Amino acid sequence: MTVSDAWVKPTIPGTENGAGYVVLTNEGATTVTLIGVTSEASRAAEIHTHTMNDEGMMRMQRVPRLEIAAGETVTFQPGSYHVMFFGVKNPFRVGEQVAFQLQFEGAPAQDVVAEVRPIK
């Protein structure tokens with residue numbers, strides 16, 4: 001697994017949650033499954049995506065397992081897959097870095113250091 005373009009949004013003042021993004025590329029010959037994420041920067045971290053409910057409203061949903069086929073690239077981005085940080089210990093500020101670890105089934109865990117970037 002290759003992890004690239006890791007970044008995190010700055011936290012919104014008065015909130016304690018944050019979101020991070022990466023590009024995951026499975027350069028192997030078999031499917032790899034993303035099964036978790038951990039971070040010392042927050043109380044908890046999970047993989048989430050956005051889904052449309054029956055009323056046409058977008059809502060977040062936890063993704064306990066994300067399969068990435070051989071040769072496939074999955075881009076985490078606003079409105080799609082993302083790392084959700086719950087109980088951020090210190091606000092994420094532009095220019096700082098946030099460390100987390102992605103855990104896989106079928107590949108070694110990956111330590112990631114993401115830059116906090118302004119929202120465009």
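These numbers were taken from a predicted model, which means no experiment stands behind them.
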Report task. Of all the heavy-atom pairs spanning Q103 and T38, show the shortest one and how long it is. Result -> NE2-CG2, 3.2 Å
Report task. Please say whether more than 12 non-hydrogen atoms of neighbouring residues, nucleotides or ligands are located less than 6.0 Å from CE in M57. Result -> no
Report summary line: Tested for side chain to side chain contact (heavy atoms under 4.5 Å, CB included) against T75, the lone hit among T25, D5, V23 is V23
Query - Check: Q110 side chain, M1 main-chain N or O, donor-acceptor pair, under 3.5 Å - result: yes
Query raised in the report: Once you round to the nearest 0.5 Å, how far does CD1 of I12 lie from CD1 of I119?
Result: 6.0 Å
Query raised in the report: What pair of heavy atoms forms the shortest contact from V94 to P10, and how long is it?
Result: CG2-CG, 3.9 Å
Report summary line: When every non-hydrogen atom of A69 is compared with those of T31, the smallest separation belongs to CA-OG1, 3.8 Å
Output side-chain donor-acceptor pairs under 3.5 Å for residues 76-93, partner residues at least two apart or in another chain, one line each.
| residue | atom | partner | partner atom | Å |
| --- | --- | --- | --- | --- |
| H82 | ND1 | S80 | O | 2.9 |
| K89 | NZ | E40 | O | 3.1 |

**Report entry** CD-OG1 distance between E16 and T11, expressed to the nearest 0.5 angstrom
**Finding:** 10.5 Å
Report summary line: Value for CG (L24) from CG (L66), rounded to nearest 0.5 Å, stands at 7.5 Å
Query - For K9 against V116, the heavy-atom pair lying closest together - result: C-CG1, 4.0 Å
**Report entry** Linked, directly or transitively: I47 and V3 (ILVMFWY side chains, under 4.5 Å)
**Finding:** yes
Query raised in the report: Say you draw a straight line from CD of E105 to CD1 of I35; how long is it, rounded to the nearest 0.5 Å?
Result: 5.5 Å
Requested in this report: Begin from the C-alpha positions of F100 and V22 and carry the test side-chain contact (heavy atoms from CB on, under 4.5 Å) through to its verdict.
Outcome: CA-CA 11 Å; F100 56 95; V22 296; 3.9 Å; yes
Report task. Please answer whether the main-chain N or O of E67 pairs with a side-chain N or O of T33 as donor and acceptor at a distance below 3.5 Å. Result -> no
Report summary line: Shortest non-hydrogen pair, V63 vs H48, comes out as CG2-C, 4.0 Å
Report summary line: All heavy atoms of A70 vs all of G28, minimum pair found to be CB-O, 3.2 Å
Requested in this report: Kindly compute the distance separating CD (Q61) from OG1 (T51), expressed to the nearest 0.5 Å.
Outcome: 4.5 Å
Query - Donor-acceptor contact present, side-chain S39 to main-chain A41, <3.5 Å - result: yes
**Report entry** Euclidean distance, E115 CD relative to R117 CZ, rounded to 0.5 Å
**Finding:** 5.5 Å
